[in-house]
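What follows is a set of notes on a single structure, which appears directly below.
Here is the naming used below: chain letters follow the sequence lines, and residue numbers restart at 1 for every chain.
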Amino acid sequence: MPSALAGRDMKIATWNINGVNGRLALLLEWLEAAKPDVVCLQELKAAPARFPAAALSRAGYEAVWAGEKSWNGVAILARGALPIETRRALPGDPRDTEARYVEAAVDGVLIASLYVPNGNPVETRIDRKRRWISRFLKHAEGLIEYPAILAGDFNIIPTERDVYNPARWQGDALFLPEMRTAFTALLGQGWLDSLDVMQPTGERFTFWDYKRNAWQRNAGLRLDHILISPPISGALQAAEVDREMRGKTGASDHAPVWARLSLTKKDMSESSSCAGAARR
DNA sequence: ATGACCGCTGGAAGCGGA
């Protein structure tokens, strides 16, 4: 374990991998090149026993994950350390068995990897998304005082700047005013939208549909977010989208997003609070 | 440019994704 007295960097990334086994070679290539310290993955699309833990360990990453056959699935990877799992489900509904939330402490920071329900078609599925987000907002509020990071596929387009053609997405579950309000409410709790802060101008899409030549037309959306709690938000140094990963042969329809934090001795002293959150 | 792509499962064609 790194010394709790020395400042150090943490590069944390989130990537909706869209099939962790089908994308394993690309994931390993990216880990080697990008060298993130912490990675949140979504859409593993693999049963728990089929998560490629051994291959990732050989690449230097230990992992905790919530798996599910065929659909969903979330994981947290840490370079050179085993994440200390604090939760494997979002609290508030024992009947919700979908693998959409996992939480772990890594190097004194509480990390959540989340995959919000899509919500389309609105007529039949928006209620599920609404209820999940309601539970998530409540849980997030309880984490705000700790050094914590919420990273994942939120399935929410936060602003008109985050969609190539806002008019075409009116009424879609990703862009409903209600959903954008929920995202704003999260920021209102104190969470910092790292990509928005570090890329305030220009485009910062994270998803391009496989259909209709969306990538070639740059018809993208910003759906993947890394939110940082107040105790460590001042440590944010950089945040970017690894767009080149979307252009690779056999790419996921999402690109990785990453943020770099320079954590100080003061941030480290909050680690005991993180452990407190883990015990709750 | 909401039919048109992709991964998963099962071993074909259907489902879910966003």
Side-chain angles (χ1 to χ4, degrees), chain A residues 14-30 40-52 55 65-75 96-101 113-130 132-133 136 151-180 182-183 195 203-225 241 243 245-257:
Chain A
T14 184
W15 193 7
N16 181 321
I17 193 78
N18 189 15
V20 71
N21 287 305
R23 209 84 59 200
L24 182 59
L26 207 58
L27 173 60
L28 293 171
E29 174 191 325
W30 173 75
C40 295
L41 298 176
Q42 300 84 36
E43 282 211 82
L44 304 177
K45 295 188 173 180
R50 299 212 51 208
F51 182 81
W65 65 94
E68 182 181 339
K69 186 180 174 184
S70 301
W71 314 119
N72 309 317
V74 286
D96 175 13
T97 59
E98 294 186 331
R100 295 182 176 275
Y101 189 88
S113 178
L114 59 123
Y115 177 45
V116 178
N118 177 289
N120 282 311
V122 171
E123 296 70 30
T124 53
R125 304 190 71 170
I126 198 67
D127 280 340
R128 283 178 57 239
K129 183 178 192 177
R130 192 178 279 141
W132 200 96
I133 288 177
F136 178 62
D153 178 355
F154 285 62
N155 269 320
I156 297 174
I157 302 167
T159 73
E160 299 214 336
R161 287 194 46 223
D162 298 313
V163 47
Y164 65 99
N165 179 5
R168 180 228 175 284
W169 289 81
Q170 298 297 327
D172 189 281
L174 308 184
F175 198 47
L176 288 177
E178 170 190 352
M179 293 301 156
R180 295 155 67 185
F183 192 81
L195 192 59
E203 164 268 285
R204 58 272 172 102
F205 299 148
T206 68
F207 165 87
W208 297 260
D209 204 307
Y210 289 125
K211 294 184 270 193
R212 300 179 292 282
N213 286 316
W215 170 244
Q216 290 76 2
R217 297 186 293 128
N218 194 29
L221 310 172
R222 184 166 79 105
L223 303 178
D224 303 273
H225 310 302
V241 180
R243 286 181 67 108
M245 294 309 295
R246 182 61 181 83
K248 298 266 184 184
T249 302
S252 168
D253 41 6
H254 295 251
V257 181

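- Side chain of A:E68 to main chain of A:A99: a donor-acceptor pair is present (N/O by atom type, distance under 3.5 Å, no hydrogens or angles).
- With C1' as the reference atom, B:dC15 and B:dA1 are 23 Å apart, rounded to whole Å.
- In terms of phosphate contacts, A:Y164 brings no side-chain nitrogen or oxygen within less than 4.0 Å of OP1 or OP2 of B:dA1.
- Note on A:E178 versus A:K129: no salt bridge recorded, every NZ/NE/NH1/NH2 to OD/OE distance being 4.0 Å or above.
- Of the side-chain N and O atoms in A:K69, one or more sit less than 4.0 angstrom from OP1 or OP2 of B:dG10.
- Residue-level contact check: A:D172 touches the bases, meaning some heavy atom is under 4.0 Å from a base atom.
- When distances run from any side-chain atom of A:R125 to the nucleotides B:dG16, B:dA18, B:dG7, the shortest one goes to B:dG16.
- The OH atom of A:Y115 sits 3 Å away from the P atom of B:dA18 (whole-angstrom rounding).
- Contact annotation: A:N120 does not reach the phosphate of B:dG16 (side-chain N/O to OP1 or OP2, under 4.0 Å).
- Straight-line distance between the C1' atoms of B:dG11 and B:dG7: roughly 16 Å, to the nearest whole Å.
- Distances were taken from every side-chain heavy atom of A:R50 (C-beta onward) to each of B:dT9, B:dA1, B:dC5; the shortest belongs to B:dT9.
- In this model, the phosphate group of B:dA18 is not approached by any side-chain N or O of A:R212 to a distance below 4.0 Å at OP1 or OP2.
- Using a 4.0 Å heavy-atom criterion, one finds that A:D153 contacts the sugar-phosphate atoms exclusively.
- Within 4.0 Å of A:R246, counting heavy atoms only, lies no atom of the nucleic acid at all.
- A:R222 places no side-chain N or O within 3.5 Å of a backbone atom of A:T206 that could act as its donor or acceptor partner.
- In terms of phosphate contacts, A:H254 brings no side-chain nitrogen or oxygen within less than 4.0 Å of OP1 or OP2 of B:dG17.
- Within 4.0 Å (heavy atoms only), A:R217 reaches no atom of the nucleic acid at all.
- Residue A:D209 is classed as having no contact, given no heavy-atom separation below 4.0 Å to the nucleic acid.
- Residue contacts shown for A:D224 are absent, as no nucleic acid heavy atom lies under 4.0 Å away.
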